[in-house]
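No hydrogens, no waters, no symmetry mates; every other heavy atom, side chains included, goes into these values.
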Amino acid sequence: MTATTEAAPARTTRRTAERAEEAGKPGARKTATLHLPLVTVQFRAPQMHMPGRREMTDAGRTVTGFLPSPSRLAYYTGLGMVAAFGVIDWPVAVAIGAGTWIAQRGRREAAHEEEGGEQRAERKAGEEQAAEEKPARRSGRAKK
């Protein structure tokens, strides 16, 4: 019984020394071990991924794609300031902001549909013109 008790601390000391050497290496994970009578608990520091310059740039571009235009941002900021100074109540400011956002969104969708309709009309006119030119080309070939 004494031999196993003495061997265990030696093994633990050897492991601790090996871990200390590994901790000096770049990329080594830090651990802490707690030996209890019936359980051995080991705590490990989480391995964190630090984003690089390219990832941060891509994330910034993604975020700015969702932000409103500078003029809209100024409008919403001014609306918030008016509400903060108590000129109008917060619920009124929120209702005005939400109404403006919904109206602008509807206006954009209507403009997008109009553009799509114009493109469809142009495409249809182009197809009709091409259909009219085909018989003229055929008759021109027959004459030669």
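The hydrophobic clustering, which links ILVMFWY residues whose side-chain heavy atoms are closer than 4.5 Å, places Y75 and I102 together. F66 and V63 are assigned to two separate hydrophobic clusters, defined by single-linkage of ILVMFWY side chains at heavy-atom distances under 4.5 Å. W101 and V92 fall within a single hydrophobic cluster, where Ile, Leu, Val, Met, Phe, Trp and Tyr side chains are chained together by heavy-atom contacts under 4.5 Å. Using a 4.5 Å cut-off between side-chain heavy atoms of Ile, Leu, Val, Met, Phe, Trp and Tyr, with links allowed through other members, F43 and M48 fall into different hydrophobic clusters.
The minimum heavy-atom distance between W90 and G80, with the atom names listed, is CH2-O, 4.0 Å. When all heavy atoms of P68 and R72 are compared, the pair lying nearest together is CB-CB, 3.9 Å.
Between the CD1 atom of I88 and the CD1 atom of I96 there is a distance of 4.5 Å, given to the nearest 0.5 Å. In this structure, the separation between NZ on K30 and CD on Q47 is 13.5 Å, given to the nearest 0.5 Å. Taken from OG1 in T100 to CZ in R107, the straight-line distance is 9.0 Å, to the nearest 0.5 Å. Remark: S71 OG to Y76 OH distance equals 9.5 Å, nearest 0.5 Å. Atom-to-atom distance recorded for Q42:CD and H35:NE2 is 8.5 Å, nearest 0.5 angstrom. Here T40 contributes atom OG1 and L34 contributes atom CG; the two are 8.0 Å apart, rounded to the nearest 0.5 Å.
Distance alone, capped at 3.5 Å, places no donor-acceptor pair between the E109 side chain and the G106 backbone.
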